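Just so you know, these numbers come straight off a predicted model, no measurement behind them.
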Amino acid sequence: MKKIIAFFSIIMLFSCSKAEDELVGPHNFDLKYTIELLDNKGNNLLDPKTPNYYQHDKVQLLVKTQSGTSKQIIFSDNTPLIRTDIRNGKSFYFLLPTTETLINNESTIYLSLPNGDLDKITLTTQSSPNNKYYVTKKTITYNDKIVWDKTSESNHIVIIK
């Protein structure tokens, strides 16, 4: 019996490697952010009560494929792209973009709007210096302009269209 235990102990000892440990781990991601689209008068363009609002079924998130074509992102659990919440007793509409397209510390998606705009959203990430498994947002750009960085107080981004 002792020989069997020793044999399995040796197998367990040599079956693990440092390279594998770096690939797996209890990753913790802090990448969530929301986007609110306002007109120049401060009206929420996702709110159906706003004149000329962006119809929800016409707002899409796209990702470029390796061949250069655009592909619509559909959440696997049918979660809506446009969400609503209550703020100060009023309905508040916002986008909750995906970070599922994260590759090499960067995620670029495109927001297709009913008015014909195709806006580029890029998220860059970094690992925490104290914990390589804790990945956080570094910057978020909207049409190549920084709209969020580590000094931002909120994960909510307001874009004036």
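- Listed here is the closest heavy atom pair of I35 and P97: CD1-CG, 4.0 Å.
- The shortest side-chain heavy-atom distance between F94 and R87 does not fall under the 4.5 Å cut-off.
- Residue L118 forms a side-chain contact (heavy atoms from CB on, under 4.5 Å) with just one option from L111, L113, L62, and that option is L62.
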For this session: Walk me through it: do K32 and L96 pass the test side chain to side chain contact (heavy atoms under 4.5 Å, CB included)?
Result: CA-CA 8 Å; K32 185 178 177 183; L96 185 65; 3.9 Å; yes
For this session: Check the pair Q126, N105 against side chain to side chain contact (heavy atoms under 4.5 Å, CB included), reporting the backbone distance first and the verdict last.
Result: CA-CA 7 Å; Q126 63 186 5; N105 296 325; over 6 Å; no
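- Using modelled atom types, no side-chain atom of T136 and backbone atom of D30 make a donor-acceptor pair closer than 3.5 Å.
- Within the 4.5 Å cutoff, the side chain of S112 has no heavy atoms near those of the V59 side chain.
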For this session: Under the side chain to side chain contact (heavy atoms under 4.5 Å, CB included) rule, what do T98 and V63 come out as? Steps first, then yes or no, please.
Result: CA-CA 10 Å; T98 182; V63 64; over 6 Å; no
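- The hydrophobic cluster containing I73 also contains Y54, counting ILVMFWY residues as joined when their side-chain heavy atoms lie under 4.5 angstrom apart, directly or transitively.
- Note that NE2 of H56 is 9.5 Å distant from CG of L81, once rounded to the nearest 0.5 Å.
- Residues V147 and I109 fall within the same hydrophobic cluster, defined by Ile, Leu, Val, Met, Phe, Trp and Tyr side chains chained together at heavy-atom separations under 4.5 Å.
- No path of Ile, Leu, Val, Met, Phe, Trp and Tyr side chains, each step under 4.5 Å between heavy atoms, connects Y110 with I140, placing them in separate hydrophobic clusters.
- Taking the side chain as every heavy atom from C-beta outward, D47 and Y53 never approach each other to under 4.5 Å.
- The number of heavy-atom neighbours closer than 6.0 Å to CG of D85, taken from other residues, nucleotides and ligands shown, is above 12.
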Exercise. Can you list the steps and then say if T122 with S107 is a side chain to side chain contact (heavy atoms under 4.5 Å, CB included)?
Worked result: CA-CA 6 Å; T122 302; S107 169; over 6 Å; no
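- The backbone N or O of S154 sits less than 3.5 Å from a side-chain atom of W148, completing a donor-acceptor pair.
- A pairwise comparison of heavy atoms in L31 and Y33 identifies O-CD2, 3.3 Å as the closest pair.
- Remark: N115 CG is packed, more than 12 non-hydrogen atoms of other residues, nucleotides or ligands lying under 6.0 Å away.
- Annotation: side chain of T34 is not in contact with side chain of N155 (no heavy-atom distance under 4.5 Å).
- Between K161 and the choices N40, D119, D39, the side-chain hydrogen bond (donor to acceptor under 3.5 Å, both in side chains) rule is met once, by D119.
- Side chain of N44 to main chain of L38: no donor-acceptor pair is present (N/O by atom type, distance under 3.5 Å, no hydrogens or angles).
- Listed for the T50 side chain is no donor-acceptor partner under 3.5 Å among the backbone atoms of L45.
- The nearest pair of heavy atoms linking E36 to Y93 is CG-O, 4.0 Å.
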For this session: Please lay out, stage by stage, how N130 and S128 fare under the test side chain to side chain donor-acceptor pair (under 3.5 Å).
Result: CA-CA 5 Å; N130 301 329; S128 168; 4.6 Å; no
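- The cluster map of Ile, Leu, Val, Met, Phe, Trp and Tyr, joined by side-chain heavy atoms under 4.5 Å apart, puts I157 and F29 in the same cluster.
- Interatomic distance, F92 CZ to T84 OG1, rounded to the nearest 0.5 Å: 8.5 Å.
- Rounding to the nearest 0.5 angstrom, the gap separating the NZ atom in K49 from the OG atom in S91 is 5.5 Å.
- Of all heavy-atom pairs between S127 and V135, the closest is OG-CG2, 4.2 Å.
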